[in-house]
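Down below is the structure, laid out as structure tokens.
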Amino acid sequence: MTNILAIETTCDETAVAIVTDGWLVKSNAVSSQVQLHQQYGGVVPEIASRAHIEWLNRLIDDAVQQSQCPLTNLNAIAVAHCPGLVGCLIVGVAAAKTMAFAMRTPLIGINHLHAHLYGGFLSSDPTSPPRLPDFPALGLVVSGGHTSLFHLNSFIDIRRIGATVDDAIGEAFDKTAALLGLGYPGGAAIEKLARQGDAHAINFPVSLLDAESLDFSYSGLKTAVRYHLRGRRGSERSIDDLTPQELADAAAAFQRAAVAPIRIKLCRAMQRYGFRSILVGGGVSANHALRQTVQQTADEFGVPVSMPALAFCTDNAAMLAGLAFHRLAAGLTDSLNLPAIATV
Ligand code: KG4
Ligand code: ZN
């Protein structure tokens, strides 16, 4: 039995988990900082780093206690060391190095985005181990900071084939939610409001870039929503001037426009590379419209799709511990010089 403890501090969630044999989640402690950042409408890096320092030791204790796996039974310590806010990453990386050094266990640095693709291969039920995918697999990460496509030959051979050239899809959800007065982060609130709206009431622009591109662009959509809701500069109006139905229609039409390029880029990638499965992860993979779109695309190509249970869509450490199992099995461990890297 291989037990891996993982630490996640890339952004505004402090998380620690212990996972056995790459899939069985023994504990999954997550502390969200949302309340600390809400008043600023986004994550404040300095506040986030300080909160990680304050909370991490308690979360490590919680995860160890919940799992009933003593520290001496751990086979490795994993940590998200890229990409993320560098001050936040440093906190997790320093803690993981300290544990690995003190306990003389291997240290494994994990790419946070690759870990999101592993969210669908975790389970808390010891009787139902998830089936691993057929490779090559197409990976889609849709989160607050990223909208990326990956080519996976295995869980340790992963190459990015597409990314956003400006805003991430989650960022577009959050900015639209702010314009609609729904608070931060607003992805889930947009989804709820969209259920009462007509997605075809407004035609927001869908940016596809050039005909061959696997990249994404969301800044034009964000601006179009702003102009639609607030009017152009010089003739601005407040959202109080809009009816509840108009607001719901804007949420639904935005969601349709945000999801549309996902389907088109997935189809392009499937046609180009002939992938045998599709893996999805990241906070926006909690969105039902997006999940439906991915499922339809997978059905069209006759391949299975793996999507995380809702608890493993947003940031967590179980996905890191699960992926680390495959790196450990392949002998891919890191030295105590493991760097914290903001962008990849
Ligand atoms: O993966 P994640 O927890 O953090 C990053 O690595 O960025 O993703 C957070 C993002 C936020 O932008 C949030 O608004 C979005 O995921 N999100 C959603 C939903 N739930 C969370 N977006 C759309 N629909 C949802 N149901
Ligand atoms: Zn994430």
Side-chain angles (χ1 to χ4, degrees), residues 6-15 17 28 30-34 37-38 41-43 45 48 52 79-85 88-89 92 110-120 122 139-148 150 163-164 167-180 182-195 197 199 216 218 221-222 225 251-252 254-260 262 279-294 307-320 322-323 342-344:
I7 297 176
E8 157 64 38
T9 61
T10 58
C11 189
D12 62 342
E13 256 100 28
T14 319
N28 182 36
V30 184
S31 222
S32 169
Q33 303 179 7
V34 160
H37 302 288
Q38 229 153 21
V43 177
H52 288 309
V79 62
H81 77 118
C82 68
L85 299 168
C88 295
L89 290 167
I110 295 287
N111 178 314
H112 175 91
L113 300 181
H114 297 176
H116 268 308
L117 296 173
Y118 201 79
L122 302 167
L140 167 71
V141 174
V142 278
S143 71
H146 298 270
T147 315
S148 304
F150 293 91
T164 181
D167 293 349
I169 185 171
E171 207 174 336
F173 267 93
D174 292 338
K175 286 179 176 164
T176 299
L179 286 168
L180 288 166
L182 296 175
Y184 170 86
I190 294 251
E191 177 172 10
K192 198 167 160 221
L193 183 60
R195 279 189 216 123
F216 298 89
Y218 280 99
L221 173 58
K222 172 193 71 187
V225 175
F254 159 77
Q255 187 171 268
R256 178 170 70 92
V259 169
I262 300 288
L279 323 180
V280 188
V284 187
S285 67
N287 183 283
H288 283 88
L290 185 131
R291 288 171 91 92
Q292 239 174 11
T293 294
V294 176
M307 289 187 257
L310 291 188
F312 299 123
C313 288
T314 45
D315 287 347
N316 65 87
M319 62 186 191
L320 303 167
L323 183 57
T343 52
V344 283

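As the structure lists them, so they are numbered: ligands from 1, and atoms in each ligand from 1.
The side-chain heavy atoms of N111 and P83, taken from C-beta on, include a pair separated by under 4.5 Å. Within the 4.5 Å cutoff, side-chain heavy atoms of M319 are placed close to those of L122. Residues H52 and I7 are not in side-chain contact: their nearest non-hydrogen atoms beyond the backbone lie 4.5 Å or more apart. Between P185 and V34 there is a side-chain heavy-atom pair separated by less than 4.5 Å.
The protein heavy atom nearest to atom 4 (O) of ligand 1 is D315 OD2, 3.3 Å. Looking at atom 24 (N) of ligand 1, its nearest protein heavy atom turns out to be N287 ND2, 3.1 Å. The protein heavy atom nearest to atom 26 (N) of ligand 1 is E191 OE1, 2.7 Å.
Heavy atoms of V284 found under 4.0 angstrom from ligand 1 belong to the backbone as well as the side chain. In H288, neither the side chain nor the backbone holds a heavy atom less than 4.0 Å from any atom of ligand 1. Looking at H116 against ligand 1, only its side chain comes within 4.0 Å, counting heavy atoms.
When each atom of ligand 1 is checked for a heavy atom of G145 under 4.0 Å away, the hits are 7 (O). The ligand atoms of ligand 1 that sit less than 4.0 angstrom from a heavy atom of G144 are 5 (C), 7 (O), 8 (O), 9 (C), 10 (C), 12 (O). Atoms of ligand 1 found under 4.0 Å from any heavy atom of G170 (numbered from 1 in listed order, with element): 12 (O). Of all atoms in ligand 1, numbered sequentially from 1 with element shown, those under 4.0 Å from a heavy atom of T314 are 3 (O). Near H112, with a cut-off below 4.0 Å to any heavy atom, the atoms of ligand 1 are 6 (O).
Of the N and O atoms on the side chains of Q33 and S31, not one donor lies less than 3.5 Å from an acceptor on the other residue.
Taking all atoms of both residues into account, the shortest heavy-atom contact from A318 to A17 is N-CB, 3.3 Å. Scanning all heavy atoms of the two residues, the minimum distance from S285 to G282 falls at OG-O, 2.6 Å.
Between F150 and H114, the ring center distance clears the sub-6.0 Å criterion. Ring-centre distance between F173 and F254: below the 6.0 Å cut-off.
Considering backbone and side-chain atoms alike, G282 places every N or O at 3.5 Å or more from each N or O of ligand 1. The distance criterion of under 3.5 Å between nitrogen or oxygen atoms is not met by F173 with respect to ligand 1. Residue E171 has no nitrogen or oxygen atom sitting less than 3.5 Å from a nitrogen or oxygen atom of ligand 1, judged on distance alone. Considering backbone and side-chain N/O atoms, P185 never comes within less than 3.5 Å of an N/O atom of ligand 1.
No other N/O/S atom of H116 lies as close to the Zn ion (ligand 2) as NE2 does. Summary: OD1 is the N/O/S atom of D315 found nearest to the Zn ion (ligand 2).
Assignment of A188 to the shell around ligand 1 is supported, since a heavy atom sits closer than 4.0 Å.
Among D174, L113, V34, the residue whose heavy atom lies nearest to atom 14 (O) of ligand 1 is D174. Taking each of G187, S32, A177, G283 in turn, the one with a heavy atom nearest to atom 8 (O) of ligand 1 proves to be G283.
Among the backbone and side-chain atoms of H146, no N/O/S atom is found under 2.8 Å from the Zn ion (ligand 2).
For the pair T164 (side chain) and T147 (backbone), a donor-acceptor distance under 3.5 Å is absent. No donor-acceptor distance shorter than 3.5 angstrom exists from the side chain of E13 to the backbone of S32, with no hydrogens or angles considered.
For D315, the side chain to side chain donor-acceptor pair (under 3.5 Å) partners are H112, H116, not counting sequence neighbours. Among residues two or more places apart in sequence or in another chain, the side chain to side chain donor-acceptor pair (under 3.5 Å) test is passed with S143 by none.
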